[in-house]
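Note sheet for the following structure.
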Amino acid sequence: MRSAAEPAPAAPPSPGGPPVHPDDNDRSDAPGAAQTSDEAGTDPAAGGSSKLDEIIATRRAKVAELRAAGVEPYPVRFAPTSTLAELRARYPDLDPQTDTGDAATVAGRIVSIRRLGKLTFVVLREDGVDLQLFCPRAALDEASRALIGLLDVGDWLGADGEVVATKTGELSVKPATLTLLSKGLRPLPDKWHGLSDTEARFRQRELDLVVNADARRVFELRSRVLKALRVELDERGYVEVETPMLHPIPGGATARPFVTHHNALDADLYLRIAPELYLKRLIAGGMRRVYEINRSFRNEGMSTRHNPEFTMLESYEAYADYHDVMELTEALVSRAAEAALGTTSATSQGREVSLAAPYRRVTLLELVREATDRPDLDYAMEPAALREICHDHDVHVEDAWGAGKLVLELYEALVEHTLWEPTFVLDYPVEVSPLARRHRSEPEVTERFELIMVGREHANAFTELIDPADQRERFEAQARAKAAGDEEAMVVDEAYLRAMELGLPPTGGLGIGVDRLVMLLADVANIRDVILFPTLRPERAQEPGDPGTGPGTAEGQTGP
RNA sequence: GCGCCGCUAGCUCAAUUGGCAGAGCAUCCGGCUCUUAACCGGCAGGUUCGGGGUUCAAGUCCCUGGCGGCGCACCA
């Protein structure tokens with residue numbers, strides 16, 4: 001994204017004068033530059049692998065040759081009359097050797113070239129759809145005849161000609177004119193094996209998208225899921241809002257935040273771990289139904305299910321309780337499934353799962369009683385007795401944990417991964433739910449549920465705590481835990497308490513992990529497969545002091 | 001963060017017990033007017049992830065660092 005790097009975009013070939021291209025500015029052929037290294041030394045991106053250098057040098061030479069012939073290799077604009085997909089849809093099955101007489105102008109990236117003497121086949125790809133150009137030399141105008149010999153796989157190309165079907169029945173455009181739209185300098189991965197190196201796929205997603213159809217499938221599915229979630233919420237009268245990602249104090253979840261610093265304010269800020277508190281302040285302000293779909297950031301471990309930045313949907317609705325939110329959750333998940341798959345029946349890890357509403361509802365306590373075969377188990381039990389039950393099931397415990405935390409640990413260790421079909425697990429202990437309202441009839445628990453599907457948590461919701469005095473006590477308990485060393489515990493958020501003191505109506509709130517929902521629907525095992533550019537360790541910087549490969553040449557182009 | 005596995009040509013992968021670093025595709029040169037993993041002939045392409053060690057000899061064994069994958073831990 002360095003727009004300043006194009007000081008003279010699409011410079012027209014100057015009449016009479018020699019072709020000049022910006023690349024020359026950082027080449028060392030200026031008089032007096034005692035640069036003796038070969039072509040390789042001028043490419044800041046090439047580490048020293050000479051075959052790649054050779055390919056890039058060859059293609060740069062083609063750029064120069066094209067400019068010398070008056071062809072702009074990076075033109076300003078092109079106007080196709082149809083996409084490749086539209087053309088395929090318009091001519092679903094032409095008979096072999098049909099000349100339709102219809103003209104079409106198409107464009108795409110060249111993914112294959114087959115030269116058979118005076119006949120060339122070029123395969124264009126656009127938005128994942130391929131179309132062949134059937135290019136007998138005799139059909140091309142003079143400029144296109146010169147151009148076609150300089151084309152490479154990876155170039156962007158436009159073609160203007162007749163829609164035909166070849167002898168074998170392959171739908172094709174037979175161009176009279178070829179227009180180079182952008183000359184690619186780097187080779188594409190193997191046309192047959194594609195790009196399978198996972199690191200390369202994540203670091204160079206653009207390459208993954210060019211050659212791997214599955215990458216495109218996943219991200220198109222993701223887009224449909226996002227749209228479906230928005231449409232469902234919009235139809236229900238929710239307003240989409242955007243609240244800060246820079247927070248003066250982290251809140252809304254128990255997690256370790258990223259810290260950053262604002263210079264003019266001379267203040268530390270935290271990347272948000274959840275939008276929750278701001279969204280509830282909007283409810284306090286009288287916005288009846290709001291939602292936000294965007295990133296949150298947690299400075300914790302990374303895994304196949306955890307990226308440091310991830311997308312969450314949070315929604316809040318005045319007057320609602322968690323039973324209302326369950327109904328909303330069912331509608332959102334089943335609608336997302338319909339949008340993604342055309343059905344509420346999904347396959348995950350080779351196993352079916354039905355996402356059709358309604359979903360099973362069962363309390364956390366019931367599940368733990370069942371799993372431990374202890375019908376007497378209860379939040380009122382002595383913690384020592386609960387610890388013993390944990391010990392019997394090899395569940396790790398810590399001294400500071402109360403009954404609620406211990407029961408939750410049992411649930412997470414013994415039950416959660418066994419819940420395959422969508423299940424609302426209800427009524428989490430107060431101790432582990434600092435922002436949820438106490439249950440209307442069970443004092444030890446809150447009105448909170450998590451939605452478990454295929455053994456994993458996908459949503460977390462509750463009847464919100466709206467009593468400011470209760471909230472202050474919960475915050476203070478969290479602050480004590482933090483002082484005692486719990487790095488994830490919350491701090492007292494006075495701005496939020498002030499909003500609550502203004503009066504928060506009864507409110508039902510929901511959070512859905514969007515990446516995980518997409519993982520489920522796309523049936524992929526790694527969260528990095530549903531995030532276009534997942535967080536990776538930075539690539540190692542180039543060796544300092546390595547002549548000719550430092551940042552100097554690249555920076556030199558960036559202009560003022 | 002811990003454990004296990006991986007890293008060889010632009011891409012996908014080989015390389016016997018430690019014994020001359022190879023193939024296919026792509027590139028480059030030549031041929032070919034119905035191909036679609038086009039075909040035929042030829043040339044070239046290597047810091048075997050980096051550094052160190054053992055050895056007559058290291059892609060291979062040892063140490064160390066880098067990056068990635070998987071599992072565990074934590075969370076969504």
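What's counted below: heavy atoms across the whole structure, side chains too, no hydrogens, waters or symmetry copies. First the proteins, then the strands, lettered A, B, ... as listed; each starts at 1.
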Quiz item: Which whole-number value in Å describes the distance from Glu300(A) CD to G1(B) P?
Solution: 15 Å
Quiz prompt | Span that lies between the C1' atom of G45(B) and that of C29(B), in whole angstrom | solution = 14 Å
Quiz item: Can you tell me the Watson-Crick or wobble partner of G6(B), both distances under 3.5 angstrom?
Solution: C67(B)
Quiz item: Base, sugar-phosphate, or nothing: which does Gly194(A) touch, judged by heavy atoms less than 4.0 Å apart?
Solution: sugar-phosphate
Exercise. Map Leu536(A) and Gly301(A) onto RNA chain B by nearest heavy atom, then report which one ends up closer to the 5' terminus.
Key: Leu536(A)
Exercise. Only counting residues at least two apart or in another chain, list the ones meeting ring-ring contact (aromatic ring centres under 6.0 Å, His included) with Phe121(A).
Key: Phe134(A)
Self-check item: Partner nucleotide, any strand, of G22(B) [Watson-Crick/G-U, under 3.5 Å]
Solution: C13(B)
Quiz prompt | Of all pairs that satisfy ring-ring contact (aromatic ring centres under 6.0 Å, His included), the ones with a partner from residues 417-436 of chain A, not counting sequence neighbours | solution = Tyr359(A)-Phe424(A), Phe424(A)-Phe449(A)
Quiz prompt | Under 3.5 Å on both distances, the Watson-Crick or G-U partner of G45(B) | solution = none
Self-check item: Partner set under side chain to side chain contact (heavy atoms under 4.5 Å, CB included) for Ile527(A), not counting sequence neighbours
Solution: Asn307(A), Asp515(A), Met519(A), Val530(A), Ile531(A)
Quiz item: Partner of G1(B) by Watson-Crick or G-U wobble geometry, both contacts under 3.5 Å, or none?
Solution: C72(B)
Practice problem: For nucleotides C11(B) and C63(B), find the distance between their P atoms and express it as a whole number of Å. | Solution: 29 Å
Quiz prompt | Separation of G71(B) P from Arg305(A) CZ (nearest whole Å) | solution = 7 Å
Exercise. Whole angstrom is fine here: how far is it from CD in Glu199(A) over to C1' in C7(B)?
Key: 9 Å
Quiz item: Looking at Asp152(A) and Lys183(A), does any basic side-chain N land under 4.0 Å from a carboxylate oxygen?
Solution: yes
Quiz item: Expressed in whole Å, how much space separates the P atoms belonging to G24(B) and G42(B)?
Solution: 11 Å
Self-check item: Whole-angstrom distance between U60(B) and A15(B), as gauged at atom P
Solution: 14 Å
Practice problem: Report the distance from atom CG of Leu131(A) to atom C1' of U36(B), rounded to the nearest whole Å. | Solution: 12 Å
Quiz item: Between Ser196(A) and C13(B), does any side-chain N or O lie under 4.0 Å from OP1 or OP2?
Solution: yes
Quiz item: Can you check side chain to side chain contact (heavy atoms under 4.5 Å, CB included) on Thr535(A) and Glu309(A), steps first, answer last?
Solution: CA-CA 8 Å; Thr535(A) 305; Glu309(A) 56 177 308; 4.2 Å; yes
Quiz item: Between atom CZ in Arg537(A) and atom C1' in C49(B), what is the gap in whole Å?
Solution: 15 Å
Quiz item: Rounding to the closest angstrom, what is the interatomic distance between U27(B) and G46(B) at atom C1'?
Solution: 15 Å
Quiz prompt | Identified pairing partner of C61(B), criterion: Watson-Crick or G-U wobble below 3.5 Å | solution = G53(B)
Self-check item: Options G71(B), U35(B), G69(B), nucleotide nearest the side-chain atoms of Gln132(A)
Solution: U35(B)
Quiz item: What does Asp130(A) touch in the nucleic acid at a heavy-atom separation under 4.0 angstrom: a base, only the sugar-phosphate, or nothing?
Solution: nothing
Quiz item: If the C1' atom of G3(B) is compared with that of C43(B), how far apart are they to the nearest Å?
Solution: 48 Å
Quiz item: Quick one: His193(A) NE2 to G10(B) C1', roughly how many Å, whole number?
Solution: 15 Å
Quiz prompt | N-O pairing of Glu292(A) and Arg272(A) below 4.0 Å | solution = yes
Quiz prompt | B/S/- contact track for nucleotides 27-34 of chain B, protein heavy atom under 4.0 Å | solution = BS---BBB
Quiz item: Excluding sequence neighbours, so at least two apart, what forms salt bridge (charged side-chain N to carboxylate O under 4.0 Å, His left out) with Arg137(A)?
Solution: none
Quiz prompt | Sidechain N-carboxylate O distance under 4.0 Å for Glu54(A), Lys51(A) | solution = yes
Self-check item: Separation between CZ of Arg90(A) and CG of Leu171(A), rounded to the nearest 0.5 Å
Solution: 10.0 Å
Self-check item: C1' spacing across the pair A9(B) / U17(B), given as an integer number of angstrom
Solution: 27 Å
Practice problem: Answer yes or no: side-chain N or O of Asp190(A) and base N or O of G24(B) forming a donor-acceptor pair under 3.5 Å. | Solution: yes
Exercise. Have a look at Asp515(A) and say if it touches a base, only the backbone sugar-phosphate, or nothing, with a 4.0 Å heavy-atom cut-off.
Key: nothing
Exercise. From the options G10(B), G71(B), G68(B), select the nucleotide whose nearest atom is closest to the side chain of Thr304(A).
Key: G71(B)
Quiz prompt | Residues forming a salt bridge (charged side-chain N to carboxylate O under 4.0 Å, His left out) with Glu199(A), sequence neighbours excluded | solution = Arg203(A)
Quiz item: Starting at CG of Asp53(A) and ending at P of U47(B), how long is that distance when rounded to a whole Å?
Solution: 10 Å
Quiz item: Reckon Asn526(A) touches a base, only the sugar-phosphate, or nothing at all at heavy-atom distances under 4.0 Å?
Solution: sugar-phosphate
Self-check item: Watson-Crick or G-U wobble mate for U36(B), both contacts under 3.5 Å
Solution: none
Quiz item: Looking only at atom P, what distance separates C34(B) and C39(B), rounded to whole Å?
Solution: 15 Å
Quiz item: Heavy atoms under 4.0 Å, any strand shown: does Ser303(A) hit a base, just sugar-phosphate, or nothing?
Solution: base
Quiz item: For Leu188(A) and U12(B), what is the distance between atoms CG and P respectively, to the nearest whole Å?
Solution: 12 Å
Self-check item: Under 4.0 angstrom between Arg114(A) side-chain N/O and C39(B) OP1 or OP2
Solution: no
